[in-house]
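Encoded as C-alpha cells, the structure appears first; notes follow it.
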Protein chains: 2
Amino acid sequence: MEDLSLSTLIWLRMVRFVQNSNQLSNDHLRQFGLTVAQFEALAHIRNFQPVTQTDLAKGLTVSGGGMSRMLARLEREGLITREQTWKTKHISLTEAGLALLERAFPSQLHQQSALFDDVLDEDEQRTLHALMKKLYDHSVAERATAEEDG
Amino acid sequence: MEDLSLSTLIWLRMVRFVQNSNQLSNDHLRQFGLTVAQFEALAHIRNFQPVTQTDLAKGLTVSGGGMSRMLARLEREGLITREQTWKTKHISLTEAGLALLERAFPSQLHQQSALFDDVLDEDEQRTLHALMKKLYDHSVAERATAEEDG
DNA sequence: ATTGATCATTTGCCCTGTCAACTGATGCGC
DNA sequence: GCGCATCAGTTGACAGGGCAAATGATCAAT
C-alpha cells in the first residue's frame with residue numbers, strides 16, 4: 001500500500017460507508033419488497049407530487065433513462081401512476097404506493113438514523129452536516145461546469 | 001417536504017455527493033477507457049497482487065458474483081491475468097494493465113482530491129476523516145452482526 | 001398549414017452489483 | 001478408496017444506472 005493523501009482516505013471511507021449503509025437499508029427494506037432506490041423515489045414523489053420525470057430525475061441525481069425504467073417498474077407494481085398531460089407525464093403515488101410507503105417510512109428512517117446516532121453526538125453531527133454541505137455544493141458546481149464544457 | 005432529522009439530511013447529502021463524485025470520476029476516466037469500478041479494482045490488485053478473487057471482493061466491498069464478472073471483463077481486455085493454482089485463482093496485472101493504471105492513476109487521484117482540497121482546509125479534513133472512521137467502523141460492525149443473524 | 005427546433009420520454013446496449021443455484025476441487029472421516 | 005462437507009468461482013435472473021440514438025409531442029416562424 002502506498003501513501004495515499006488524506007482526502008483519498010476520506011473518500012475511500014465515505015464510499016465504503018455508503019455502500020455498507022445501502023446494503024443494510026436494502027436488507028431492511030426487503031421485508032416491504034422495496035429497494036433503497038425505489039424507497040427514495042416513492043418518498044420523493046410523495047413530497048413533490050404531481051411531478052414530472054425530468055424533475056424527479058434531477059432530484060434523485062439519476063439520468064432520464066434510468067428514471068424511465070425505474071418508474072416503469074414501479075408502475076407495473078401498481079405503486080405509482082403516470083398521467084400524460086400535454087407533452088409531460090405527471091407522476092403520483094397510488095393508494096397502494098402511499099400505503100406501502102407509510103408502512104416502510106418510519107422504520108427505514110429509524111434504521112438509517114441509527115447508523116449516525118449510535119456513534120456521533122449532536123455536535124459531531126452538526127459539524128459533519130456543515131462539512132458535507134460544502135462538499136456537496138462543490139460537487140454540484142463541478143458537475144454543472146463539466147456539463148457546460150462537454 | 002417534511003422535517004427530516006439531522007442524520008437523514010447528512011445521509012442525503014453524502015449519498016448525492018458520492019454519486020456526483022463518481023460521475024465526475026467516470027467522466028474523467030473515460031479517456032482511459034476505464035470506469036471507476038475498474039480503476040479501483042486495478043489499483044487494489046496492484047497493491048495486493050497476487051490476490052484471490054474472494055479477498056479482492058472483500059477489499060472492494062462487492063459480492064463474489066460481481067467480482068467474477070468484472071474480472072472476466074478486465075481479463076478480456078487484457079489488463080489482468082487469472083492463474084489457477086490448486087483451487088484458487090490468483091489475479092495479477094498484466095504489463096498492459098500496469099501501464100494503463102500508471103497513466104491513469106496520478107490524474108485520477110488528483111481530480112479526486114481536488115473535490116476535497118478545493119473546499120476543506122487541512123483541519124476540516126482531519127475532522128471529517130475522524131468522523132468518517134467512526135461511521136465506517138460502525139457500519140462494518142453492523143454488517144457483521146446482520147450476517148450472523150441472517 | 002408545414003417545416004423545424006426543442007423538450008420529455010423511451011429504448012438498445014452496456015457495466016455494476018445482488019442473490020441463489022450450480023459446478024469443481026479439496027480435504028476429511030470412515 | 002468413497003462419500004460428504006466445504007470453499008472458490010461461475011452463471012442466470014434481475015434491479016440500478018449511464019449514454020446515445022430514436023420517438024413523440026409542442027411550439028415558433030414562415
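The sequence lines fix the lettering, A, B, ..., with proteins before strands; numbering per chain opens at 1. Note that the structure is predicted; figures quoted are calculated from it, not measured.
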Under-4.0 Å side-chain N/O to phosphate OP1/OP2 contact, Thr54(A) with dC7(C)
no
Nearest whole angstrom, please: distance from the P of dC15(C) to the CZ of Phe39(B).
19 Å
Check the distance between dG18(D)'s C1' and Asp27(B)'s CG and give it to me in whole angstrom.
10 Å
Nearest to the side chain of Ala37(A) - dG17(D), dA15(D), dG17(C)?
dG17(D)
N or O in side chain of Arg82(A) less than 4.0 angstrom from dT10(C) OP1/OP2
yes
Find the distance Gln19(A):CD to dG17(D):P and express it as a whole number of Å.
14 Å
When rounded to whole Å, the CG to P distance for the pair Leu60(B) and dT16(C) reads 12 Å
For the atom pair CG (Leu120(A)) and CE (Met132(B)), what is the distance rounded to the nearest 0.5 Å?
9.0 Å
In whole angstrom, give the distance that lies between atom CZ of Arg76(A) and atom P of dT10(C).
14 Å
Between Val62(B) and Gly65(A), which residue's closest nucleotide on DNA chain C lies nearer the 5′ terminus?
Gly65(A)
Between P of dA15(D) and CG of Leu79(A), the distance in whole Å:
13 Å
Rounded at 0.5 Å granularity, tell me how far CZ in Phe17(A) sits from OG1 in Thr61(B).
13.0 Å
Arg16(B) and Glu40(A) ion-paired at < 4.0 Å:
yes
Whole-Å distance between dG17(D) P and Gln23(B) CD?
11 Å
d(Ser113(B) OG, Asp118(B) CG) to nearest 0.5 Å is 10.0 Å
Of all the nucleotides listed (dT10(D), dT10(C), dT18(C)), which has the minimum atom distance to the side chain of Gln53(B)?
dT10(D)
Look at Glu75(A) together with Arg69(A) and state whether they make a salt bridge at an N to O cut-off of under 4.0 Å.
no
When all nucleic acid strands are considered with a 4.0 Å heavy-atom cut-off, which category describes Met70(A): base, sugar-phosphate, or nothing?
sugar-phosphate
Considering heavy-atom distances to DNA chain D, does Asp55(B) or Thr61(A) have its closest nucleotide positioned more toward the 5' end?
Asp55(B)
Does any N or O in the side chain of Ser139(A) come within less than 3.5 Å of the main-chain N or O of Ser21(B), such that one atom is a donor and the other an acceptor?
no
At less than 4.0 Å, is any side-chain N or O atom of Arg73(A) found next to OP1 or OP2 of dG16(D)? Yes or no.
yes
End axis versus end axis in the helix from dA1(C)-dT30(D) to dC30(C)-dG1(D), the angle rounded to 10°, five pairs used at each terminus
10°
Only one of Leu60(A), Leu71(A), Leu79(A) passes side chain to side chain contact (heavy atoms under 4.5 Å, CB included) with Ile45(A), and that residue is Leu71(A)
Does Ser68(B) have a side-chain nitrogen or oxygen under 4.0 Å from the phosphate oxygens OP1 or OP2 of dA8(D)?
no
So which of Glu122(B), Glu124(B), His129(B) actually passes side chain to side chain donor-acceptor pair (under 3.5 Å) with Arg126(B)?
Glu122(B)
For Gly66(A) and Gly64(B), take the nucleotide of DNA chain C holding the closest heavy atom to each; which residue's nucleotide lies nearer the 5' end?
Gly66(A)
Roughly, in whole Å, what's the span from CZ in Arg69(A) to C1' in dA20(D)?
12 Å
